[in-house]
Amino acid sequence: MKRFFCLLLSLLLGLLVSADPDYKELLNLQPLNPASLLASFNFWSKASLQSYEQQHFKYIPRSLGQILQHAKTRELHLRFSTGRWDDESWGARPWGGTKEGGTGVELWAWVEADSDSGSFARWVTLNNALSGLFCASLNFIDSTRTTRPRMTFEPTSSVSNTSSENMYLLHGTLPREVVCTENLTPFLKLLPCKGKAGIASLLDGHKLFDASWQSMAIDVRSVCSEDGSECSIEMEQTVDMVLDVDRSKRPRDNPIPRPIPSEHLHCDISKPYASNEACFPSDADLGQSWTIAEIFGRPIQGSCLSEDSQGQLRDSVCINVPLDREVNPYGDAVETKNEAGSGRCFAIPASKPFEMVLSHIGPQTFNDISQPPLYASRSFTGHGQERGGVQTLLTNPSRTSSIEFVYFETLPWFMKPYLHTLDARLSTSSTSSPEIIKETFYRPALDRRRGTQLELLVSVPAASTVVLTYDFDKAILRYTEYPPDANRGFDVAPAVIRLLPVEGQAEVYIRTSSLLLPLPTPDFSMPYNVIILTSTVMALAFGMIFNLLVRRFVGADEVEGWNLAALKAKARGRAMALLDRVLRKGKEKKVQ
Amino acid sequence: MALISPTILALRRDPRLLKLPPYLSALCLFIGVVWLCLLPLNEYSRHTYISENALLPGQVHTYFGGSEKNVYNAYKYEVQALVGKDQKATYEKLSDIFISAGLRPARQKYEYYAAGNTYSGENVYAILHAPRGDATEAIVLVAAWTNMDGDLNQSGVALALALARYFKRWSLWSKDIIILITGDSRAGPQAWVDAYHDEHTSPLVAPLPLKSGALQGVVVIDNALDHPFESLHIVYDGINGQLPNLDLLNTAVSIASGQLGIGISLQRMWKHNDSYQERLQTMLRGMVSQGLGHSSGPHSSFIPYHVDAITLQAVGDGGQDEMAMGRCVESIFRSLNNLLEHFHQSFFFYLLMQANRFVSIGTYLPSAMLVAVSFTIMAIALWIRSGRPPSPKAASTDFEKEKTEMEVVRKDGMTAIIPKENLTILERQLFLPVALVVAVHFFGAIPLYVFINSSRNTLPSYFVVFTVLNSLLPTVLANTIHYYTPLTPQHHLLLQSFSLLVLGMFLATLATVNFSLSLFVGLLSTPLSFTGYSFSYSVDAKEVFPSPARKYVSILVLQLLSPTVVVWAVCYMWGVDLGEMLAEAAFGWKVNGLWTQVVIWCIWWPAWMLGGVLVLV
């Protein structure tokens, strides 16, 4: 027995040595401009498909794994996002936008099932289970919020062809969901170190949810080797956030941005009126210095499972600033500089806290922000409670090449678009250009059962802006269908834009901001109802009394019936008479 | 109903009932006016209160002050230095300031033509993205470059810029904040808000390069003073007499007077001791402003888009510095930021008689409705009367004792004796009266078109010509009609009935939208109910045509209350140049979508014209 255990142990050790690491984590810090910092946390874990199916869970969390197994979900993408990515000042999105979702919660998954309805049943099971796991209202993704995109998403799993036939893609969004601490806590619990050690120790709710933009993502997929013999399940958890450096550096006990004492103001003394009274503020906070503890509220608490089998430390933190800018690490970190690029990485020992100071140098120490391949903004047009329009501006900043992308929108059923008004034109011309929209996939809404699904294959020429517009009607809801704060309006999920991959480049996703749709809302207050009731009663009483006073009463048999033939005869008679008169007049004239 | 039916049926032919309408109509008018005068009393008006609990006005500490004052002073110097510079220099300076505050600026050019004048300029604005927001909602801080009087809004613009910089530091904003510096106070805001909703007229008004979400509230700062001010004057009237939600106004009032101790005045009532007269005066000024429906500040343009907006205007010379105004705006914005829903809780229809006293639509509406109903009552009475044959009794008073002619009716084996009078049916000749009423109402489009499309220089002379023509037109029209088809007494009654019916119906509808305008038009057309015929209850030539004395008094009254004469009188009373006023109206129609002229020329004027014709025919 003992020998058997020894054998097993050595086997296990051997396995560990030979295989890739099953868990990796990396924090990438990138100052975007003087005022903001992008922090990308990435946690990656893996398990063999065999162990996963036998419910041997190590780094893949059991709670999530069992849900996926129960709902027969082969690939899962779950996103929690708030705020908006400001692409004009921050540039291209991290991960090419593949690890972010629209405002609120977005979920899409490939579910294995025999039929369409079977896949939907499993989808509901999945949503309900995830809803409990992540404390989010995912259970509200019902048939009206579920779509089956055709062109927008493609599986990242490498699954064998035989099983892909009965895989169904389902997609759901909750634009109104507010992402907060209760979603972060279960997210952190899925990590092997539970946010106690490693880079995850920086994920503090106060800081994460003070960010200008943040996105939490979970991706689960299965990957097979090329011959299909070895398959494994991969799970990636990502947190991206853009922090406002000024705001984050404010001490926790004094977070109110009071006006600073006038002697600390940086003034532009070249102004003629510069004095103790008047101070034109100068841009003195460019390239300011910061430390990890200042930004995140605490230093990194060591590392989590960062030693590989040879005892080598993997890099845990990377910072992307030009090499001439000084970065001073504290703690026994090993620094590696990336000579080609402009970054440097640090490997952190397991047990020691790590701190890093970014020095203050002039404004020229930022990498140029990369230009996003497409700018997209969407807004409502028109006003009033009856109808409206949607206008999307899609700008291709490239001077040389046109771009092609899929524009995917899901609209709630009470927003009824007219597809014949769908129009795409270049911003420079006033007539529509039919060559812009290449393909349309449209699935109309059914009242109270499903929303509109609109997928367009759009091509935008180089250095131009396409204006995409359509009109819609607003439905009137039943009074029980209004949410508690009905006058706020209804959120319309962000549009998803998938830039089709050109050779050599990865695909890029962009999401517009969500929209707030004001619907005709009844006045739910009591006085209004009282007024309406009283008016009705008064109108009834007046009508009756007035009728009795004024109407001429005629017996039913005295009434001339509405006889069509008689009416015709009468009309003919009139016409003849008129004709006769005209003729006679003519004659009279002649006579005269 | 079964119980009262016999009583009512018994009343059907009661002559007393048919004599009632003129008195009832006069009574309605009287009650309507008295009702209005009662409103300022404590028993009929109410204290204002905050209806939307989310607003929590004045519950936050305001921090705008200290070294922000230095920044503000610097911005004020910059603004003053821009006087007389061109649009490009102004835009560059403003965008520099926005960029240094961390905001992205954008610009919009606009150009309008109205009354032969060109109104052009440029709006500069910047959007402060809510740190954790998703661009679905926005609140707007507006400072017009020049205020309604054409003065440079130096302190207001500088304050808006300083506040933009200050707001940027806070992370608590749940809605985007748009800081908008409009080129002027009337065309600029309209161009911006039209383009924001994509309802602008290209290419004269440029589209907006940057947009945010649904606008939830607008606060306009108007401070052209170069010295500390005494109190805040809140302007709240929108285009066409629409008003912002009372909650927004109450929030501003309670923050300014309650939290910061700044005095509040409304409707240019600089002294208000809460007496009956002053309350009534404030209310009437508010009603006049509402009735005219013109733009009363940069905020007015926002209100038709269901965006609640007010203007805070610094007035007087006193002890409040600009920072206090800034704190007031800060606190209002913190309150607006709390809103979960669009403003909807409180009143949209109200009359204010003091900063903290108001009457709501339920209390004041009967006044205008009674005035409108007085016309409808007369119209109904005239209609009934037009269907009554002349009664022999009234015609021949000498034979009072003569028996009523009876007729024997046999039907289904039953026999009855019925007075013959009850069996005669008088057909109503509808074509001519209906055609006349419709035609005259359509003719209203002519003065409307002329006064909207003429240029500023020609407007006064056109109006003089029109006034003269207008005083002669009823006579000409009456003679023309008389020449071709002499009107029968029944035509006469029906013409007046339809005219009053249209007027009454229209005024009742208008009262729910623009109470003040409906009331004023109603009161000015009261003679129309009582001129033209003497009170009787049947079609009878003798009684339809009035006596000469009555006729001349009617003509005089109608000529004095003609729309043109009223416009002259208003101009004289307020000391406004007539051309100025007409140009303003044309501008309102072209730019703001003002409907007051339509009411005057297509409703009031035709009703007056028909009244005049009826007296003279």
Side-chain angles (χ1 to χ4, degrees), chain A residues 35 82-84 86 88-89 103-104 175 209-212 244 246-247 256-262 264-265 267 271-274 276-283 377 379-383 389 391 485-489 491 513-516 518 521 523 525 527 531 544-546 548-550 552, chain B residues 1 4-5 8-9 11-12 17 61 63-78 97 100-102 104 129-137 165-166 169-171 197-199 202 210-214 304-306 339-345 362 380 383-384 387 411 425:
Chain A
T82 44
R84 120 192 68 174
D86 182 1
E88 296 217 10
S89 37
T103 310
F209 296 111
D210 191 39
S212 299
D244 187 310
D246 279 337
R247 206 157 67 213
I256 297 166
R258 290 185 174 85
I260 48 173
S262 51
H264 293 174
L265 269 179
C267 300
K271 297 281 178 188
Y273 51 76
N276 286 337
E277 293 287 299
C279 168
F280 190 84
S282 64
D283 300 326
S377 71
S379 60
F380 277 132
T381 60
H383 75 293
Q391 184 189 56
D485 44 356
N487 279 287
R488 179 176 179 267
D491 291 81
S513 54
S514 58
L515 293 173
L516 197 60
T521 313
D523 189 339
S525 65
I531 290 170
M544 267 196 270
I545 293 173
F546 185 69
L548 284 173
L549 275 176
V550 171
R552 191 200 303 159
Chain B
M1 201 66 216
I4 57 169
S5 305
I8 293 170
L9 282 171
L11 275 173
R12 272 171 68 88
L17 188 71
H61 195 279
Y63 294 93
F64 187 71
S67 63
E68 300 295 329
K69 170 95 181 181
N70 299 5
V71 176
Y72 161 78
N73 284 338
Y75 287 163
K76 194 165 161 185
Y77 283 118
E78 294 290 342
I97 291 174
S100 77
R104 203 180 320 134
H129 289 308
R132 290 175 34 69
D134 47 4
T136 51
E137 294 167 292
R165 185 186 168 80
Y166 169 75
R169 293 209 298 268
W170 290 87
S171 62
H197 295 91
D198 221 57
E199 309 244 306
S202 301
L210 286 181
K211 276 194 202 175
S212 178
Y305 285 93
H306 194 21
L339 278 180
L340 286 174
E341 304 177 58
H342 201 91
F343 270 116
H344 70 284
Q345 283 278 6
I380 293 172
W383 169 259
I384 295 171
K411 200 168 179 78
I425 293 164

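A note on names: the letters A, B, ... follow the listed sequences, proteins ahead of strands, and every chain is numbered from 1.
Listed by chain and number, the residues in a ring-ring contact (aromatic ring centres under 6.0 Å, His included) with A:F380 are A:F472 (sequence neighbours excluded). Not counting sequence neighbours, the partners of A:F546 by the ring-ring contact (aromatic ring centres under 6.0 Å, His included) test are A:F542.
Chain B forms more heavy-atom pairs under 4.5 Å with one residue of A:T521, A:L516, A:D210 than with any other, namely A:L516. Put simply, of B:Q345, B:H344, B:H342, the one with the most heavy-atom pairs under 4.5 Å next to chain A is B:H344. Between chain A and the options B:H61, B:E78, B:H306, B:K69, heavy-atom pairs under 4.5 Å are most frequent for B:E78. When each of A:G489, A:P259, A:A211 is checked for heavy-atom pairs under 4.5 Å with chain B, A:P259 comes out on top. Of the listed residues (A:K271, A:H264, A:R258), the greatest number of heavy-atom pairs within a distance under 4.5 Å of chain B belongs to A:R258. Comparing A:I531, A:I260, A:D244 by heavy-atom pairs within less than 4.5 Å of chain B, the highest count is held by A:I260. Interface check for chain B: of the options A:G382, A:P175, A:G104, A:C267, the most heavy-atom pairs under 4.5 Å are formed by A:G382. Interface summary for chain A: among B:K211, B:R104, B:E137, B:E199, the most heavy-atom pairs under 4.5 angstrom belong to B:R104.
With B:R132 contributing its side chain and A:F209 its backbone, the two residues share a donor-acceptor pair below 3.5 Å. Of the possible polar contacts, none joining the B:N73 side chain to the A:C279 backbone as a donor-acceptor pair under 3.5 Å is found.
Across all non-hydrogen atoms, the minimal contact from B:E341 to A:A486 is OE1-N, 3.6 Å. In plain terms, the two heavy atoms of B:S67 and A:P261 that are nearest each other are CB-C, 4.2 Å. Contact detail for B:R169 and A:P257: the closest heavy-atom pair is NH2-O, 3.4 Å.
Proximity of A:I256 to B:W170: side-chain heavy atoms (C-beta onward) are separated by under 4.5 Å at one or more points. Considering only heavy atoms from C-beta on, B:H129 comes within 4.5 Å of A:D86 through its side chain.
Atom CD of A:E277 sits in a sparse spot, with 12 or fewer heavy atoms from other residues, nucleotides or ligands closer than 6.0 Å. Within a 6.0 Å radius of OH in B:Y77, no more than 12 heavy atoms belonging to other residues, nucleotides or ligands are found.
Atom CG of B:D134 is separated from atom OG1 of A:T103 by 4.5 Å, given to the nearest 0.5 angstrom. Atom CG of residue B:N70 and atom CG of residue A:N276 lie 8.0 Å apart, to the nearest 0.5 angstrom.
With a threshold of 4.5 angstrom between heavy atoms, A:S212 approaches chain B through its backbone and through its side chain. Proximity to chain B involves both the backbone and the side chain of A:S514, based on heavy atoms less than 4.5 angstrom apart. Contacts between A:L515 and chain B at a heavy-atom distance below 4.5 Å involve the backbone alone (N, CA, C, O). For A:A274, no part lies near chain B; criterion is any non-hydrogen pair under 4.5 Å. Of the atoms belonging to B:F343, not a single heavy atom falls under 4.5 Å from chain A. If you measure heavy-atom distances from B:L339 to chain A, you find no contacts under 4.5 Å at all. Only the side chain of B:Y75 comes within less than 4.5 Å of a heavy atom in chain A; its backbone stays farther off.
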